[in-house]
Amino acid sequence: MSTNKDQDDNGTSVVVETRPKTKRPPLYKVLLLNDDYTPMEFVVAVLERFFGMTHAQAFEVMLTVHKKGVAVVGVFSHEIAETKVAQVMDFARRHQHPLQCTMEKE
Ligand code: TYC
């Protein structure tokens, strides 16, 4: 527990307890972007494989991206988000699909 010095009404220094400022690490949204070429089944497979979604969840999220252009597919620490993006981008590249995955601070 940290302490701050405040001034009371008499101008006297008093010690005031403050809550410890343990900042939570920032979170990052992982975004999947629509394109005209990546097959729908491939996107569903990506969401199942790297984001732990069921087939039904993955299909729903894929359709959201297809219709709206982009969707958040998960929220993670910086390191985990970076890993997810790299995994998706590598998997898409290896299958020669133009699928794009990015991250942004929440
Ligand atoms: N728009 C693609 C198609 O019609 C499907 C698609 C969905 C592609 C989501 C990318 O992130 C994506 N085949």
Side-chain angles (χ1 to χ4, degrees):
M1 192 72 79
S2 62
T3 56
N4 285 342
K5 285 212 170 162
D6 275 18
Q7 299 288 99
D8 70 13
D9 298 343
N10 310 319
T12 311
S13 254
V14 291
V15 175
V16 178
E17 291 287 339
T18 59
R19 288 187 294 160
K21 297 178 189 89
T22 50
K23 286 211 210 73
R24 270 189 280 275
L27 294 175
Y28 292 79
K29 297 182 284 196
V30 171
L31 308 167
L32 203 60
L33 278 59
N34 188 38
D35 67 73
D36 292 340
Y37 305 104
T38 304
M40 289 184 172
E41 318 81 71
F42 184 82
V43 178
V44 171
V46 162
L47 293 170
E48 290 172 333
R49 177 185 286 241
F50 299 114
F51 297 92
M53 296 184 196
T54 65
H55 190 79
Q57 287 173 331
F59 197 89
E60 199 173 296
V61 172
M62 179 281 296
L63 271 189
T64 301
V65 180
H66 177 69
K67 289 184 205 159
K68 303 210 168 185
V70 62
V72 176
V73 297
V75 178
F76 307 97
S77 69
H78 188 272
E79 189 175 2
I80 301 291
E82 253 183 3
T83 301
K84 299 284 180 193
V85 169
Q87 286 173 329
V88 172
M89 295 299 283
D90 185 57
F91 192 61
R93 187 192 52 75
R94 274 159 37 215
H95 289 84
Q96 302 191 303
H97 295 311
L99 183 63
Q100 293 295 307
C101 185
T102 60
M103 61 192 272
E104 67 177 39
K105 204 168 173 187
E106 202 179 45

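Predicted model only: the values in this text are computed from it and were never measured. As the structure lists them, so they are numbered: ligands from 1, and atoms in each ligand from 1.
Classified by interplanar angle (parallel below 30°, tilted 30° to 60°, perpendicular above 60°), the ring pair Phe51/Phe76 is tilted. The aromatic rings of Phe50 and Phe91 sit perpendicular to each other, their planes meeting at more than 60°, with 30° as the lower class boundary.
The heavy-atom pair separating Cys101 from Val85 by the smallest distance is O-CG1, 3.4 Å.
Proximity to Leu99 (heavy-atom distance under 4.0 Å) selects the following atoms of ligand 1: 10 (C), 11 (O), 12 (C). Each of the following atoms of ligand 1 lies closer than 4.0 Å to a heavy atom of Leu33: 10 (C), 11 (O), 12 (C). Those atoms of ligand 1 that come under 4.0 Å of a heavy atom in Leu32, given as number and element, are 11 (O).
Between Thr38 and ligand 1, an N or O atom pair is found at a separation short of 3.5 Å. An N or O contact shorter than 3.5 Å links His66 to ligand 1 by distance.
Residue Val70 is tested with Leu31, Thr64, Val65, Thr102 for a side chain to side chain contact (heavy atoms under 4.5 Å, CB included); the sole match is Leu31.
The pair Lys29-Glu104 meets the salt-bridge criterion, with a side-chain N (NZ, NE, NH1 or NH2) lying under 4.0 Å from an Asp/Glu carboxylate O.
Scanning all protein heavy atoms for the shortest distance to atom 8 (C) of ligand 1 gives Asn34 OD1, 3.4 Å. Residue, atom and distance of the protein heavy atom nearest to atom 9 (C) of ligand 1 are Val65 CG1, 3.6 Å.
Both the backbone and the side chain of Asp35 come within 4.0 Å of ligand 1, judged by heavy-atom distances.
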Assess whether side chain to side chain contact (heavy atoms under 4.5 Å, CB included) is satisfied between Met103 and His78, documenting all intermediate values.
CA-CA 9 Å; Met103 61 192 272; His78 188 272; 3.7 Å; yes
